[in-house]
2 protein chains.
Amino acid sequence: MYTCNRKVSYTLEFMRRDVFQAIADPTRREIIGLIAHRSLNLNAVADNFDISRPAVSKHIKILTQCGLLVIKKQGRDRYCEADFKKLNEVSNWVEQYRSFWTQKLDALGDFLDKETNTDNNI
Amino acid sequence: MYTCNRKVSYTLEFMRRDVFQAIADPTRREIIGLIAHRSLNLNAVADNFDISRPAVSKHIKILTQCGLLVIKKQGRDRYCEADFKKLNEVSNWVEQYRSFWTQKLDALGDFLDKETNTDNNI
DNA sequence: TATACATGAAACCTTTTGGTTACACAAATT
DNA sequence: AATTTGTGTAACCAAAAGGTTTCATGTATA
């Protein structure tokens, strides 16, 4: 029932970050907003924040590990490109409850409908 | 530009939790799922998890502080009721990027012919 | 009234998070 | 060739997160 995602610490870089945890941080959400339309190299991203460049680098690493960000090497630059497919997981989770905060009357019916085909396993 | 949400610690209980941070924890998402269709008292919620009752109580407090959960006192019981209006904030943020992960699937086919096959680890 | 129950809250602990500085190194530029 | 630039990474730190046990307190109930 309850699967813990935090004690996993593989040796490799693919430690399968949770996308919910990734977007929990406001800085990371802002990074996603920055690179949504155009990819930026790491320094360009860092210029938008008051924190240090390595701190931004860590955030980018987390976004990469959960699949929200892809790094394209180009010379000595690392261009950060957003990949929003993983956001579908968040959308699915949130939207299953949409009826609960929009139409109260149909709430129970909609819930029962959607409950049959939820696949939110990470 | 970057506003830190973590250093806020008011004296009162209304420390305005971030809903993104609230749903980052899998236990809290599960709690929301549990009380979505019927309200449960605290012990009933705690019965669904392996962690202690005070631990669940803390999660419920966080959900309350961000507005995702409302507690209705009834005798000695505290019934937990979900309030999904705050999820709109998450939905808005995610859905602004929906076109990026839906239309991109179509455009992907075009680009894949020309560009080098980048590994899309899913 | 005495006891069981539901919950809140404090004190404490360990791990994670988010930040820093310092240094290494390859790629560009001079 | 020497230097500047972009980035990775290690070592470190404070605070937050998530958990525990223990105790207090208000409600029900035998």
Side-chain angles (χ1 to χ4, degrees), chain A residues 2-13 15-18 20-31 35 39-66 69-81, chain B residues 1-13 15-18 20-31 39-66 69-81:
Chain A
Y2 166 60
T3 54
C4 186
N5 300 49
R6 56 179 49 254
K7 215 40 194 297
V8 197
S9 69
Y10 299 139
T11 324
L12 261 279
E13 272 193 290
M15 57 194 305
R16 257 298 154 261
R17 286 270 180 173
D18 186 342
F20 286 91
Q21 195 261 343
I23 66 170
D25 187 273
T27 303
R28 288 196 285 269
R29 290 200 301 279
E30 209 174 327
I31 289 175
I35 63 173
S39 62
L40 297 174
N41 72 344
L42 217 144
N43 272 342
V45 173
D47 283 344
N48 290 273
F49 301 94
D50 291 334
I51 58 180
S52 70
R53 193 262 312 162
V56 173
S57 192
K58 279 188 182 180
H59 284 304
I60 286 176
K61 191 169 207 172
I62 289 172
L63 291 171
T64 305
Q65 287 169 340
C66 85
L69 193 150
V70 174
I71 291 189
K72 302 266 173 87
K73 301 179 185 179
Q74 195 170 320
R76 64 185 169 185
D77 295 87
R78 262 68 174 166
Y79 278 92
C80 304
E81 192 173 292
Chain B
M1 190 126 315
Y2 166 62
T3 54
C4 186
N5 299 47
R6 57 180 45 255
K7 210 46 192 295
V8 197
S9 68
Y10 298 140
T11 324
L12 262 279
E13 270 192 291
M15 56 195 303
R16 258 298 158 258
R17 286 271 181 171
D18 186 343
F20 286 91
Q21 195 261 342
I23 66 170
D25 187 275
T27 303
R28 288 196 285 269
R29 290 200 300 278
E30 209 174 327
I31 289 176
S39 62
L40 296 174
N41 71 347
L42 216 144
N43 272 341
V45 173
D47 283 345
N48 290 273
F49 301 94
D50 292 334
I51 59 179
S52 69
R53 194 261 313 159
V56 173
S57 192
K58 280 188 183 182
H59 284 305
I60 286 176
K61 191 171 209 171
I62 289 171
L63 290 171
T64 304
Q65 286 169 343
C66 84
L69 193 150
V70 174
I71 290 189
K72 302 264 173 93
K73 301 180 185 179
Q74 196 169 321
R76 62 185 170 187
D77 295 87
R78 261 69 175 165
Y79 278 92
C80 304
E81 194 172 290

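In what follows, every chain begins at residue 1, and chains take the letters A, B, ... in the order their sequences are listed.
Taking 4.0 angstrom as the limit, B:Ser52 places none of its side-chain polar atoms (N or O) nearer than this to OP1 or OP2 of D:dG19. In terms of phosphate contacts, B:Gln21 brings no side-chain nitrogen or oxygen within less than 4.0 Å of OP1 or OP2 of D:dA16. OP1 or OP2 of D:dT7 has not a single side-chain nitrogen or oxygen of A:Ser57 nearer than 4.0 Å. At the phosphate of C:dT17, neither OP1 nor OP2 sits under 4.0 Å from any side-chain N or O atom of A:His59.
Put simply, CZ on A:Arg53 is 7 Å from P on D:dG8, counting in whole angstrom units. In this structure, CG of A:Asp50 is placed 15 Å from C1' of C:dG18, rounded to the nearest angstrom.
In this model, no side-chain donor or acceptor of B:Lys61 finds a partner on the base of C:dG8 within 3.5 Å.
Between D:dG19, D:dT7, C:dA6, one nucleotide has an atom nearer to the side chain of A:Arg78 than all others, and that is D:dT7. Candidate nucleotides C:dG19, D:dG18, D:dG6 were compared by shortest atom distance to the side chain of B:Asp25, and D:dG18 ranks first. Residue B:Lys58 has its side chain nearest to D:dG19 when only D:dG19, D:dG18, C:dT20 are considered. Side-chain atoms of B:Arg76 lie closest to C:dA6 of the nucleotides D:dG6, C:dA6, C:dT7. Distance from the side chain of A:Arg17 is smallest for C:dT17 among the nucleotides D:dG19, C:dT17, D:dA17.
Between A:Arg28 and B:Ile71, the residue anchored closer to the 5' end of DNA chain C is B:Ile71, taking for each the nucleotide with the nearest heavy atom. Comparing B:Asp77 and A:Ala55 by the nucleotide of DNA chain C that holds the closest heavy atom to each, the one mapping nearer the 5' end is B:Asp77.
The backbone N or O of A:Ala24 sits less than 3.5 Å from a side-chain atom of A:Arg29, completing a donor-acceptor pair. Checked by atom type and distance alone, the side chain of A:Arg28 never pairs as donor or acceptor with a backbone atom of A:Ile23 at under 3.5 Å.
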